[in-house]
A.B. asks: 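Here it is, the structure in full.
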Amino acid sequence: ASNELYNSKVLREQYKEANPPTQLGSTLFKEIITATTVSKLHGLDGLHNPPNLNRLLGDWEGEYVELDWSKNKALRVLPLSLKLTEEEGINQKIGATLQITDSIAAAQGTYSAGKLALSQFNVPIRKQYTDYPNFTHLMTHISALEFRELPLENATLLVARLTADYPVWQEMANPGFFMLRKKTTVPKEAQRAFDAQAEDFIKLYPNPFADHLLINFELAETANVTVNVSNYYNTAPYQKTIFKGRKIKGNHTLEITDLPLKTGSYLITITHNGKEETKIILKN
């Protein structure tokens, strides 16, 4: 605290305000990490199935897990979205558009046997700490993503190990990987229902619902988000967190299929950046 150098003061303020080193991912990530380790996920240990091209294409969302050099500790977890498209042309290329928190990058690559080799895929990723206020992002060149399927009880995720470097420093980037899940496809009737609720922060479909529920919301900025469902009025006591983690700026839809609720009224609560939004949902 006695160090009065300007750069030290800048760092000291960041340490005071830091989320310890940034919350380690969503509830889904935490559930997975209890069954394995980040070093095994980065090493793709036991993950033998690369996705075929048709499986790979589409819109994905998830988390970028940055590790220390031992590969045993997650330094931070950042929310991301990844869109993979089949590009037209003689030499078939895959288009990749990546958003990590507030940074977006796009490039083309070729895919073979689980590996997407990329050209000029440079994304400025926000630094965890910086001693220069105007040096907030570090350009990261991602040259390849190596994908494997991670089967779960109710879904299949993808793990994508990064090969990357920092051009400005001419050094390899910290080891890291993406954890990805396919974005929920919104049926036309659900989108019409969301449009009809445009003035509401929380949009639900259907309402009432039986077994399957879509929860839609839009963030004006990247935020820590918690989504809870709880009893309301005369229903039996119930509370469950169905999502907790970081979400990037933009539109999000959560698909819920495993709520063991009895018939009655319930409350959906979404907290984000110190705000709390609620909406009543009916269970048939």
A.B. asks: Could you list all the salt bridge (charged side-chain N to carboxylate O under 4.0 Å, His left out) pairs where at least one residue sits in residues 95-109, not counting sequence neighbours?
C.D. replies: D102-R126

A.B. asks: Is there side-chain contact between I215 and H252, with at least one heavy-atom pair below 4.5 Å?
C.D. replies: no

A.B. asks: Can you confirm whether W69 sits close enough to M172 that some side-chain heavy atom of one is under 4.5 Å from a side-chain heavy atom of the other?
C.D. replies: yes

A.B. asks: With hydrophobic residues grouped by side-chain heavy-atom distances under 4.5 Å, do L78 and I104 end up in a single group?
C.D. replies: no

A.B. asks: Of all the heavy-atom pairs spanning L41 and L150, show the shortest one and how long it is.
C.D. replies: CD2-CD2, 4.3 Å

A.B. asks: Do the side chains of L267 and F217 join up, straight or via other hydrophobic residues, at under 4.5 Å, putting them in one cluster?
C.D. replies: no

A.B. asks: Please step through side-chain contact (heavy atoms from CB on, under 4.5 Å) for the pair F209 and N284, ending with a clear verdict.
C.D. replies: CA-CA 6 Å; F209 79 103; N284 280 338; over 6 Å; no

A.B. asks: What pair of heavy atoms forms the shortest contact from M139 to P124, and how long is it?
C.D. replies: SD-N, 3.7 Å

A.B. asks: Determine, using the 4.5 Å side-chain heavy-atom cutoff (strictly less than), whether M179 and L44 are members of one ILVMFWY cluster.
C.D. replies: yes

A.B. asks: Looking only at atom types and distance, does a side-chain atom of N207 sit under 3.5 Å from a main-chain N or O of L282, one as donor and one as acceptor?
C.D. replies: yes

A.B. asks: Assess whether atom NZ of K71 is packed by more than 12 heavy atoms of other residues, nucleotides or ligands within 6.0 Å.
C.D. replies: no

A.B. asks: Can you see which heavy atom on E61 is nearest to which on T253, and at what distance?
C.D. replies: OE2-O, 4.5 Å

A.B. asks: If every non-hydrogen atom of I248 is compared with every non-hydrogen atom of T222, which pair is closest and at what distance?
C.D. replies: CA-OG1, 3.4 Å

A.B. asks: Are K279 and D200 within salt-bridge range, i.e. N to O under 4.0 Å?
C.D. replies: yes

A.B. asks: Applying side-chain contact (heavy atoms from CB on, under 4.5 Å) to H212 and E255, what does each step give before you reach the verdict?
C.D. replies: CA-CA 7 Å; H212 183 266; E255 185 174 19; 2.6 Å; yes

A.B. asks: Given the rule that I, L, V, M, F, W and Y join up when any side-chain heavy atoms are under 4.5 Å apart, are L116 and L162 in one cluster?
C.D. replies: yes

A.B. asks: Are any non-hydrogen side-chain atoms of T140 and F121 less than 4.5 angstrom apart?
C.D. replies: no

A.B. asks: Report yes if the side chains of L98 and Y64 come closer than 4.5 Å at any heavy-atom pair, otherwise no.
C.D. replies: no

A.B. asks: Test L254 against V227 for side-chain contact (heavy atoms from CB on, under 4.5 Å), laying out the working first.
C.D. replies: CA-CA 10 Å; L254 300 178; V227 182; 3.8 Å; yes

A.B. asks: Give a yes-or-no answer on whether the side chains of N273 and N224 include a donor-acceptor pair shorter than 3.5 Å.
C.D. replies: no

A.B. asks: Looking only at atom types and distance, does a side-chain atom of T97 sit under 3.5 Å from a main-chain N or O of K83, one as donor and one as acceptor?
C.D. replies: no

A.B. asks: In terms of side-chain geometry, is the basic nitrogen of R161 or E146 positioned less than 4.0 Å from the acidic oxygen of its partner?
C.D. replies: yes

A.B. asks: Taking side chain as C-beta onward, heavy atoms only, is L56 less than 4.5 Å from L158?
C.D. replies: yes

A.B. asks: Determine the minimum heavy-atom distance between L75 and L67, stating which atoms define it.
C.D. replies: CD1-O, 3.6 Å

A.B. asks: Would you please test K249 and E221 for salt bridge (charged side-chain N to carboxylate O under 4.0 Å, His left out) and show each step?
C.D. replies: CA-CA 4 Å; K249 173 183 176 180; E221 57 185 337; over 6 Å; no

A.B. asks: Keeping to residues at least two apart or across chains, list the side-chain hydrogen bond (donor to acceptor under 3.5 Å, both in side chains) pairs with something in residues 39-58.
C.D. replies: T37-S39

A.B. asks: Could you tell me whether K283 atom NZ has more than 12 heavy atoms of other residues or ligands within 6.0 Å of it?
C.D. replies: yes

A.B. asks: Does either side chain, that of T269 or that of N228, offer a donor lying less than 3.5 Å from an acceptor on the other one?
C.D. replies: no

A.B. asks: Would you indicate whether the side-chain heavy atoms of T271 and V225 approach each other to under 4.5 Å?
C.D. replies: no

A.B. asks: Could you check whether K247 makes a cation-pi contact with F243, meaning its NZ or CZ is under 6.0 Å from the centre of the six-membered ring and within 45° of the ring axis?
C.D. replies: yes

A.B. asks: Please check this pair: side chain of Q197 against backbone of A193, looking for a donor-acceptor N/O pair closer than 3.5 Å.
C.D. replies: yes

A.B. asks: With respect to I280, which candidate in Y232, Y266, Y233 satisfies the side chain to side chain contact (heavy atoms under 4.5 Å, CB included) definition?
C.D. replies: Y232

A.B. asks: Would you say the side chain of V159 lies within less than 4.5 Å of the side chain of F178, judging by non-hydrogen atoms?
C.D. replies: no

A.B. asks: For S70 and D68, does a side-chain donor sit closer than 3.5 Å to a side-chain acceptor?
C.D. replies: yes

A.B. asks: Less than 4.5 Å apart, any side-chain heavy atom of L213 and any of V229?
C.D. replies: no

A.B. asks: Can you give the donor-acceptor pairs under 3.5 Å from side chains of residues 106-113 to other protein atoms, not counting sequence neighbours?
C.D. replies:
from	atom 1	to	atom 2	distance (Å)
Q108	NE2	E87	OE1	3.3
Y111	OH	P51	O	2.5

A.B. asks: Measure the spacing between OG of S230 and CG of L261 and express it to the nearest 0.5 Å.
C.D. replies: 10.0 Å

A.B. asks: Specify the closest pair of heavy atoms between A223 and H272, including all atoms of both residues, with the distance to one decimal.
C.D. replies: CB-CB, 4.3 Å

A.B. asks: Donor-acceptor check, side chain of Q99 to backbone of T101, threshold 3.5 angstrom: yes or no?
C.D. replies: yes

A.B. asks: Spell out, yes or no, whether I281 and L214 are grouped together once hydrophobic residues are joined by side-chain heavy atoms under 4.5 Å, including indirect joins.
C.D. replies: no

A.B. asks: Is it true that, when you exclude E189 itself, more than 12 heavy atoms of the residues, nucleotides or ligands shown sit nearer than 6.0 Å to its CD?
C.D. replies: yes

A.B. asks: Verify side-chain contact (heavy atoms from CB on, under 4.5 Å) between L157 and I32, making sure each step is shown before the conclusion.
C.D. replies: CA-CA 11 Å; L157 303 186; I32 292 171; 3.3 Å; yes

A.B. asks: Backbone N or O of D165 within a donor-acceptor pair of the W169 side chain at under 3.5 Å?
C.D. replies: no

